[in-house]
Amino acid sequence: MDTARSQTEAAALEGVYAYRSRPLAEPDWRRFPGWREVTEAEWADPQWQRAHCVKDAKGLRAVVGDLLDEEFYEDWERDRLHRATMSVLLPPQMINTMAAEASAARPGELTKAFYDDPVRRYMLPVFSDRHPVWPSHPMASRDSLHEQDMWVVEGLTHRYPTKVLAELLSTCPQYCGHCTRMDLVGNSTPQVTKNRLQLKPADRAERILAHLRGSPGIRDVVVSGGDLANMPWPRLERFVDGLLDIESIRDIRLASKGLIGLPQHWSSAPVLRGVERVAAKARARGVRIALHTHANAAQQVTSGVARAAWGLLGAGLHDVRNQGVLMRGVNDSAHDLLDLCFALCDHAGITPYYFYMCDMIPNAEHWRVPLHSAQLIQRQVMGYLPGFATPRIVCDVPMAGKRWVDQADAYDRELGVSHWSKSYLTPLEAADPDAHSGSYHYYDPIDTLPLSGQRWWRETRQG
């Protein structure tokens with residue numbers, strides 16, 4: 001790093017954040033015309049939440065009435081037709097965290113607040129959000145992490161020597177615009193015809209368990225999808241019971257953004273009773289079960305989310321952890337991340353764990369941050385949180401896996417190309433005699449490069 005840059009970054013680190021504990025609250029959903037008569041009992045009911053999800057402009061109009069200008073709906077529709085890789089599915093809980101402080105007293109005020117809102121920016125993208133020249137990086141791909149390429153049976157990704165990812169389903173209670181599994185998860189869009197899981201759910205689960213029974217070198221299973229909040233609890237409990245019967249399995253991580261978008265599911269009595277059963281069995285076996293969720297902005301951590309998280313911990317889970325995504329316009333500053341991390345720690349019992357750099361999927365350039373920005377933010381957040389709750393910002397490098405952002409072996413900031421290495425081969429590479437374990441690459445968003453770098457990519461793409 002050159003001296004001038006070191007001095008600039010050192011100055012940016014000084015006095016970056018002043019801690020204040022902020023008690024959590026649930027925004028008043030009655031501020032929206034469509035929910036003025038909704039009772040607390042209805043709001044707390046997971047089935048009411050699911051039944052009243054917003055999927056399209058008609059549904060959003062039914063909630064907000066005429067508080068949003070028509071230009072917003074036109075912007076949204078243009079994105080749906082030309083850019084969106086994920087369909088829209090927003091539980092009332094998620095919408096209620098958007099623009100919570102905005103007043104509709106003056107014309108256009110809610111519209112501006114919606115456009116500016118960080119949760120809206122990643123959960124309800126509009127066309128004007130996307131970069132006009134570089135909506136996608138030339139190196140972007142639909143399955144950017146090659147997860148489906150590394151299936152050893154349908155739905156079981158084996159990327160790391162001792163760890164696997166079990167994708168049990170392809171639906172969620174809410175869809176994130178930046179979803180890394182946009183190739184598989186959710187409904188097709190005008191831009192993306194989704195791949196589909198072929199096996200029946202019970203057959204897929206049994207094949208996954210059978211593979212794990214015969215693979216004593218695997219000790220850690222992430223159970224995901226899609227989102228486990230969309231899997232009927234009895235089916236999920238049977239699968240987790242099956243994992244707990246495999247002697248080599250020592251860690252089980254359940255993945256659900258639904259704790260943030262639909263906390264009513266994880267607060268429900270039947271689910272908590274089921275969590276108690278599997279947690280007790282895990283303790284008897286000396287296995288740790290945790291739930292991993294996905295909050296990206298402090299405003300998403302409400303009293304309802306905290307209640308659900310503490311309920312899961314009280315039911316016996318070893319931990320509840322947060323894996324967010326670092327995104328421009330959402331949380332790309334140390335202040336944003338620290339606000340979120342303290343909200344998680346102070347009031348919800350959720351441990352900040354990872355913030356991923358946004359994966360290189362199509363039409364995601366406006367969300368992605370360059371590596372040097374992520375490195376700076378990582379340094380800026382150090383020292384404020386307890387060590388065990390200080391999140392690591394990681395780059396999930398295609399074919400190399402998760403790497404701390406300061407682990408790049410080399411970095412060309414002009415072209416935005418970083419080089420990474422690892423100490424193992426994936427099963428996919430091991431089966432390929434031409435595979436190498438040398439250098440793997442990640443690419444900065446082109447609009448963040450110096451003009452010379454942007455020109456190089458423009459000429460290379462056109463060539």
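If you read the sequence from its start, that first residue is 1, and numbering goes on from there.
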J.: Could Glu70 and Arg61 be called an ion pair, given the rule that one side-chain N must be under 4.0 Å from one carboxylate O?
T.: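 Salt bridge between Glu70 and Arg61, a charged N being under 4.0 Å from a carboxylate O: yes.
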
J.: May I have all residue pairs that pass ring pair (Phe, Tyr, Trp, His ring centres under 6.0 Å) and include part of residues 172-191, sequence neighbours excluded?
T.: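 Applying ring pair (Phe, Tyr, Trp, His ring centres under 6.0 Å) to every pair that reaches into residues 172-191, excluding sequence neighbours, yields Tyr122-His178, His178-His294.
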
J.: With no hydrogens and no angle check, do the side chains of Gln93 and Thr302 hold a donor and an acceptor under 3.5 Å apart?
T.: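 Thr302 and Gln93 do have a side-chain donor-acceptor pair below 3.5 Å.
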
J.: Between Gln407 (side chain) and Trp404 (backbone), is there a donor-acceptor pair under 3.5 Å?
T.: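 Checked: pair present.
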
J.: Please tell me whether Trp266 and Ser268 have a donor and an acceptor in their side chains that are separated by less than 3.5 angstrom.
T.: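 Judged by distance alone, the side chains do not pair up.
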
J.: Taking the side chain from Arg250 and the backbone from Gly286, do they hold a donor-acceptor pair closer than 3.5 Å?
T.: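 Yes: the side chain of Arg250 pairs with the backbone of Gly286.
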
J.: Would you find a donor on one side and an acceptor on the other, under 3.5 Å apart, between the side chain of Thr293 and the backbone of Ser256?
T.: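 Yes; judged by distance alone, with no hydrogens or angles, the pair exists.
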
J.: Please find the pair of heavy atoms, one from Phe32 and one from Val63, that lie closest to each other, and give the distance.
T.: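 So the two residues come closest at CB-O, 3.5 Å.
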
J.: Would Arg83 count as a cation-pi partner of Phe127, with NZ or CZ less than 6.0 Å from the six-membered ring centre and within 45° of the ring normal?
T.: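 No cation-pi geometry.
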
J.: Yes or no on salt bridge (charged side-chain N to carboxylate O under 4.0 Å, His left out) for Lys58 and Asp56, after CA distance, side-chain angles and deciding distance?
T.: CA-CA 5 Å; Lys58 180 180 178 181; Asp56 51 29; over 6 Å; no

J.: Applying side-chain contact (heavy atoms from CB on, under 4.5 Å), can you list everything that pairs with Asp116, at least two apart in sequence or on another chain?
T.: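 Counting only residues at least two positions away or on another chain, Asp116 forms a side-chain contact (heavy atoms from CB on, under 4.5 Å) with Lys112.
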
J.: Hydrogens and angles aside, do Asp319 and Tyr353 bring a side-chain donor and acceptor to less than 3.5 Å of each other?
T.: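 Looking only at side-chain atoms, Tyr353 and Asp319 do not form any donor-acceptor pair under 3.5 Å.
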
J.: Side-chain contact test, heavy atoms from C-beta onward, threshold under 4.5 Å: evaluate it for Pro173 versus Asp227 and give yes or no.
T.: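 Touching, per the 4.5 Å side-chain cut-off.
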
J.: Tell me if a side-chain donor or acceptor on Gln49 pairs with a main-chain N or O of Trp43 at a distance below 3.5 Å.
T.: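 Side chain of Gln49 to backbone of Trp43, a donor-acceptor pair under 3.5 Å: yes, one is there.
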
J.: Taking atom types as modelled, is there a side-chain donor on Glu167 or Ser224 under 3.5 Å from an acceptor on the other?
T.: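 Short answer, no.
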
J.: Phe114 and Ala99: which non-hydrogen atoms are nearest, and at how many Å?
T.: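 Smallest interatomic distance, heavy atoms only, reads CD1-CB, 3.8 Å.
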
J.: When rounded to the nearest 0.5 angstrom, what is the spacing between CD in Gln47 and NE2 in His52?
T.: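 Spacing of CD (Gln47) from NE2 (His52) equals 12.0 Å.
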
J.: Test of understanding: with side-chain contact (heavy atoms from CB on, under 4.5 Å), list the residues that count as partners of Asp346, not counting sequence neighbours.
T.: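 For Asp346 the side-chain contact (heavy atoms from CB on, under 4.5 Å) partners, ignoring immediate neighbours, are Tyr19, Ser21, Phe342.
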
J.: Applying side chain to side chain contact (heavy atoms under 4.5 Å, CB included), run through Glu237 and Arg273 and close with a yes or a no.
T.: CA-CA 11 Å; Glu237 185 170 347; Arg273 287 194 295 267; over 6 Å; no

J.: Looking only at side chains, do Arg321 and His292 share a donor and an acceptor under 3.5 Å apart?
T.: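 There is such a pair (donor and acceptor under 3.5 Å, judged by atom type) between the side chains of Arg321 and His292.
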
J.: Is there a donor in the side chain of Thr162 and an acceptor in the side chain of Asp220, or the other way round, less than 3.5 Å apart?
T.: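 No, Asp220 and Thr162 have no side-chain donor paired with an acceptor closer than 3.5 Å.
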
J.: If we count only N and O atoms by modelled type, under 3.5 Å, do the side chains of Asp183 and Gln148 hold a donor and an acceptor together?
T.: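 There is such a pair between these side chains.
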
J.: For Asp359 and Ser144, does a side-chain donor sit closer than 3.5 Å to a side-chain acceptor?
T.: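 Ser144 and Asp359 do not have a side-chain donor-acceptor pair below 3.5 Å.
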
J.: Would you say His82's side chain and Gln191's backbone share a donor-acceptor pair under 3.5 angstrom?
T.: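 Answer holds: no.
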
J.: Got a donor-acceptor contact below 3.5 angstrom from the Arg253 side chain to the Ala290 backbone?
T.: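 Not confirmed, Arg253 side chain does not pair with Ala290 backbone.
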
J.: Under 3.5 Å, side chain of Arg328 to main-chain N/O of Glu365, donor-acceptor pair present?
T.: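 Checking the backbone N and O of Glu365 against the side chain of Arg328, a donor-acceptor pair under 3.5 Å is found.
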
J.: Answer yes or no: is there a donor N or O on one side and an acceptor on the other, between the side chain of Asp444 and the main chain of Leu371, under 3.5 Å?
T.: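 Yes.
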
J.: Applying side chain to side chain contact (heavy atoms under 4.5 Å, CB included), run through Lys55 and Leu60 and close with a yes or a no.
T.: CA-CA 8 Å; Lys55 304 175 183 179; Leu60 187 59; over 6 Å; no

J.: Between the side chains of Asn322 and Tyr354, is a donor N or O closer than 3.5 angstrom to an acceptor N or O?
T.: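 Side-chain D/A pair, Asn322 to Tyr354: absent.
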
J.: Are the side chain of His211 and the backbone of Arg207 linked by a donor-acceptor contact shorter than 3.5 Å?
T.: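 Pair absent, no side-chain N/O of His211 close to backbone of Arg207.
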
J.: In terms of side-chain heavy atoms, does Arg50 have a donor or acceptor partner in Asn230 at a distance below 3.5 Å?
T.: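 Judged by distance alone, the side chains do pair up.
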
J.: Within a strict 4.5 Å, meaning less than it, do heavy atoms of the Met123 and Cys176 side chains meet?
T.: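 Yes, at least one pair of side-chain atoms sits under 4.5 Å.
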
J.: Taking the side chain from Asn331 and the backbone from Met327, do they hold a donor-acceptor pair closer than 3.5 Å?
T.: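 Flag set: sc Asn331 to bb Met327 pair under 3.5 Å.
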
J.: Do Tyr160 and Lys402 have side-chain atoms, one donor and one acceptor, less than 3.5 Å apart?
T.: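 Yes, Lys402 and Tyr160 have a side-chain donor paired with an acceptor closer than 3.5 Å.
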
J.: Could you point out which residue of Val381, Leu337, Asp339 forms a side chain to side chain contact (heavy atoms under 4.5 Å, CB included) with Tyr17?
T.: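 The option that passes is Asp339.
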
J.: Side chains of Gln299 and Asp117: donor-acceptor distance under 3.5 Å anywhere?
T.: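 Side chains of Gln299 and Asp117: pair found under 3.5 Å.
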
